[in-house]
Each structure stands twice: as C-alpha cells, then as structure tokens.
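One-based numbering along the sequence shown. Being a predicted model, the structure only gives us computed values, none of them experimental.
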Amino acid sequence: MLGTPTEANEIGVFLDNPMHVGPVTLPNRVVLAPMSGITDAPFRRLAERLGAGLVVSEMTACAGLARGEREARVRSECDGISIRAVQLAGCEASWMAEGARIAESEGAHIIDINMGCPSKQVTNGAAGSALMRDLDHALRLIEATVAAVAVPVTLKMRLGWDHASINAPELARRAQAAGVQMITVHGRTRCQFYDGSADWSAVRAVKAAISIPLVVNGDITSFDEATRALAVSGADAVMIGRAAQGRPWFPGQVARYLATGKREAEPSLAEQHAMTAALYDEMIEHHGPAIGRRHARKHLGWALDTASVTVGAPVALLKDHRARVLTAEEPKIAQALLADAYDAFSWRAAA
C-alpha cells in the first residue's frame, strides 16, 4: 500500500539530502508554488524563513518586466530571499529572453517558465498552459530563455491541454534537451482547471522521460499526501500551493517530515498571530497602503480560518471576526481587530 510508514521512512531518508538545480543547491525537496496575487515577496520571505526549500515568485509577464512596468517589477522582487526564483510567462521568444535577462540582472538565481497557468486571461493570450497545444512554439520560447541567461532555467507545466492530449512527457523530454534543469508538473490538464483530483500517477511518465529533477504538484495538503504524491509519481520533490494559504509554515513542516518522519503540530495561536500581524505590516510596506490592504485581506482571511480550525471555534465566531477584520480600512484598526480575533479564539481554546 502506498504511503505506509515503511515507505514514508524510505522516502524520508532519500529526501534528507539537498537537491540540485544546475549549480543551485536547494536545502530540501519542498517548493512553494508560484500563485498570482498570493506569493508576493513578503509571503515568500516568510515561507522561506519557516523552512520551504524554494519559493517561486508570482507569475510575471515577461513583456511587462522588459518594459519596466511597476506591477511586473513588484511581482518579481526577491529582496530578502536566499534563493531567488522568478517565474516568467509570455508567448514571444524575444520578450521571454529579454525578461529573463532583466530578472537575472536583478539577482535571480533561477528563471522558471510558466506553461501551466489555466487562466483564460493567460491562455487567450497564447501563454501559460496554451503553449502545451503547440510544442514547437513552446520549445522556441524555452530555447530563447535558456540562451539568454547563465542561471538555470526551469519549467512548470500541466499534464496537457486536455485528456485527449497528454503531452507532458514529450514536452519535458524536449525541454531537458533544450537545457531546462528542473521540471514541475501539476497533475491536472488545463481543461480541468482545479476540478477533480490531481493525477499523481500520470506524472510518473514524465519521470521516465527525463533525468533532471522532477517536482510533483497538485492537492498536496497533508504529510501523508506528500508521501503518496512522491511514491506514486516517482518525483524528486513536491510543490505546495493552496495548502500554504493561511499556513505559510506548512511547506517547511513537510520538508522536515520528509527528512525525519516527524509530524509537527500547527503553531500555537500566539505564534500564528505574530506571523500574520508581521506579514500584514510587510505587505502594507511592500505594496503601499491601498494595494497592500487588498493583497493582505485574503491572507488575513485564510489565517483566521486556520486559527479557528486550530481551536475548533464556532462558525459564528469566525464569521463575526472575519467580517470585522476584513472590512477594516486603516492598518492600525485592522491590527487591533486581528488581535481581538486571536484573543477570542484563545478564550475558546481555554474554555
């Protein structure tokens, strides 16, 4: 049976070693997924401090970065991060090359190419997972990016556009031949978006097609799922996305679990509050008050959801404090209301 304690221990010993992406050494085998509007620099810094082996920037439009657009520069910022990975999206080779050169010049240690985003806004522009419908064109973008920089180039993809065109193994093989040094596969097709379940077993065909590191992504929300995803896919590492929302410590916990077999409990409410309050302040400083509040609200909501689950708080209590915190406009008021919420949850835990 997959994911048994014996198998978990065997995988854990294997994953107690660092992983190499070209000349870049990752401290462990757990990657924080790039998520638009979520994995900004403050969130990535926190996840890395808490133990994630690699944290990847939000998807950044290569043309926007090349033109010096503020949004693209904010998305790709990596200040305070030890291994700087910038994910680029685009549909033209010249823009991909120029965006990669700029990211490298600003300190990126890894350039990741997005061929997995299922968003209609991205795929209608012939970028993201739309590139899996034209592998020759996808390869032209990969070759241009690899040729433009000295740092390693990695690639994130899905299984294919739909179940009638599962071509991830072919794209991965051709990408490796073009110089890509790590592949990440989300175990769904583009047409699935996030419906159904990630098919980790389908990722195994990609592992058979390449010799560079493979990262499996999709539906990894627990220690046991991390073990099973590795065992079923044969991958070298896991990428965690939505399960880190409201739980920035979770990728680091999974890394330590895979290395030692130890299952850490959720941080205390006091620790969760301290992390969330600090993250809120960093986001306000990073984005500016107006944009920062909008970015931070989703994180505050997820953090409160996590805190309520930690103590088993009633739904009504969560809804009440959620509404107060998420509608606060002034940062000082939001912080005070956030402290009130955690105090209320603490009283619930002590009751």
Side-chain angles (χ1 to χ4, degrees), residues 15 18-19 21 24-60 74-87 107-110 112 114 154 156 182 184 186 215-223 225-226 229 237-259 262-268 271-287 292 295-307 310:
L15 291 180
M19 186 169 77
V21 182
V24 178
T25 301
L26 308 186
N28 61 58
R29 310 295 186 95
V30 179
V31 182
L32 175 69
M35 294 179 280
S36 290
I38 299 169
T39 53
D40 58 8
F43 188 77
R44 280 179 279 135
R45 283 193 289 265
L46 177 58
E48 186 185 62
R49 286 198 301 270
L50 295 171
L54 179 67
V55 295
V56 185
S57 79
E58 300 177 74
M59 179 181 65
T60 303
V74 169
R75 280 174 168 256
S76 64
E77 184 181 316
C78 296
D79 288 352
I81 296 168
S82 60
I83 302 176
R84 301 179 171 198
V86 174
Q87 187 185 76
H109 301 113
I110 294 172
D112 186 57
N114 183 310
T154 61
K156 188 171 189 286
M182 184 177 78
T184 300
H186 183 113
V215 183
V216 62
N217 175 225
D219 295 349
I220 299 170
T221 64
S222 69
F223 298 123
E225 285 170 339
V238 295
M239 177 177 279
I240 293 172
R242 288 173 290 171
Q245 294 172 359
R247 302 168 70 206
W249 55 83
F250 182 62
Q253 287 185 329
V254 172
R256 292 184 291 275
Y257 164 71
L258 293 174
K262 180 182 178 182
R263 297 168 183 257
E264 298 175 9
E266 300 280 51
S268 68
E271 291 170 324
Q272 291 184 32
H273 178 207
M275 290 180 207
T276 304
L279 180 62
Y280 180 82
D281 284 342
E282 273 201 62
M283 286 185 169
I284 296 296
E285 182 179 354
H286 180 71
H287 296 284
H295 272 260
R297 279 189 188 118
K298 61 177 77 76
H299 291 276
L300 295 180
W302 292 325
L304 292 172
D305 292 344
T306 297
T310 300

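Of the inter-residue distances, the one linking Trp249 atom CH2 with Thr306 atom OG1 reads 5.5 Å to the nearest 0.5 angstrom. Glu58 contributes atom CD, which lies 11.0 Å from atom CZ of Phe43 (distance to the nearest 0.5 angstrom). Distance check: His109 NE2 to Leu26 CG gives 11.5 Å after rounding to the nearest 0.5 Å. Atom CD of Glu264 sits about 5.0 Å away from atom CD of Gln253, to the nearest 0.5 Å. To the nearest 0.5 Å, atom CD1 of residue Ile240 and atom CZ of residue Arg247 are 8.5 Å apart. Once rounded to the nearest 0.5 Å, the distance linking CH2 of Trp302 with CZ of Arg242 reads 11.0 Å.
Thr310 and Gln272 share a donor-acceptor pair across their side chains, judged by distance under 3.5 Å alone.
A distance-only check finds no donor-acceptor pair linking the side chain of Thr276 to the backbone of Ala303 [under 3.5 Å]. Within the 3.5 Å criterion, the main-chain N or O of Gln87 finds no donor-acceptor partner in the side chain of Arg75. At distances below 3.5 Å, at least one donor-acceptor pair connects side-chain atoms of Glu48 with backbone N or O atoms of Ser82. When atom types are taken as modelled, the side chain of Asp112 and the backbone of Ala85 share no donor-acceptor pair closer than 3.5 angstrom.
Side-chain contact check for Lys298 versus Gln245: every heavy-atom pair is 4.5 Å or farther apart. Counting only heavy atoms from C-beta outward, the side chains of His299 and Pro248 never approach each other to under 4.5 Å. Met239 places none of its side-chain heavy atoms less than 4.5 Å from the side chain of Ile220. Side-chain atoms of Asn114 and Lys156, non-hydrogen and from C-beta on, never get closer than 4.5 Å to each other. Looking at Glu266 and Glu271, their side chains never come closer than 4.5 Å, going by heavy atoms from C-beta outward. Using a 4.5 Å heavy-atom cutoff, the side chains of Glu225 and Asp219 are not in contact. Within the 4.5 Å cutoff, the side chain of Thr154 has no heavy atoms near those of the Thr184 side chain. Residues Arg84 and Ser57 have side chains not in contact (no heavy-atom distance under 4.5 Å, counting atoms from C-beta outward).
A salt bridge does not link Arg45 with Glu285: none of the charged nitrogens is closer than 4.0 Å to a carboxylate oxygen.
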Is there a side chain to side chain donor-acceptor pair (under 3.5 Å) between Asp40 and His287? Walk through the geometry before answering. CA-CA 9 Å; Asp40 58 8; His287 296 284; 2.8 Å; yes

CA sep, side-chain torsions, deciding dist, call: Leu258, Asn28, side-chain contact (heavy atoms from CB on, under 4.5 Å): CA-CA 9 Å; Leu258 293 174; Asn28 61 58; over 6 Å; no

CA sep, side-chain torsions, deciding dist, call: Leu50, Met275, side-chain contact (heavy atoms from CB on, under 4.5 Å): CA-CA 10 Å; Leu50 295 171; Met275 290 180 207; 3.9 Å; yes

For the pair Glu282 and Leu46, evaluate side-chain contact (heavy atoms from CB on, under 4.5 Å) and give the outcome as yes or no after the intermediate values. CA-CA 10 Å; Glu282 273 201 62; Leu46 177 58; 5.9 Å; no

After noting the C-alpha distance and the side-chain angles of Thr39 and Val56, does the key distance pass the side-chain contact (heavy atoms from CB on, under 4.5 Å) rule? CA-CA 8 Å; Thr39 53; Val56 185; over 6 Å; no

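The two residues Ala41 and His286 make their nearest non-hydrogen contact at CB-CE1, 3.8 Å. Nearest approach of Val254 to Ala226, heavy atoms of both residues: CG1-CB, 3.7 Å. Scanning all heavy atoms of the two residues, the minimum distance from Gly53 to Ile83 falls at O-CD1, 4.1 Å. The two residues Phe223 and Tyr257 come nearest to each other via the heavy atoms O-CE2, 3.4 Å.
Crowding of Lys262 atom NZ: a count of heavy atoms from other residues, nucleotides or ligands under 6.0 Å not exceeding 12.
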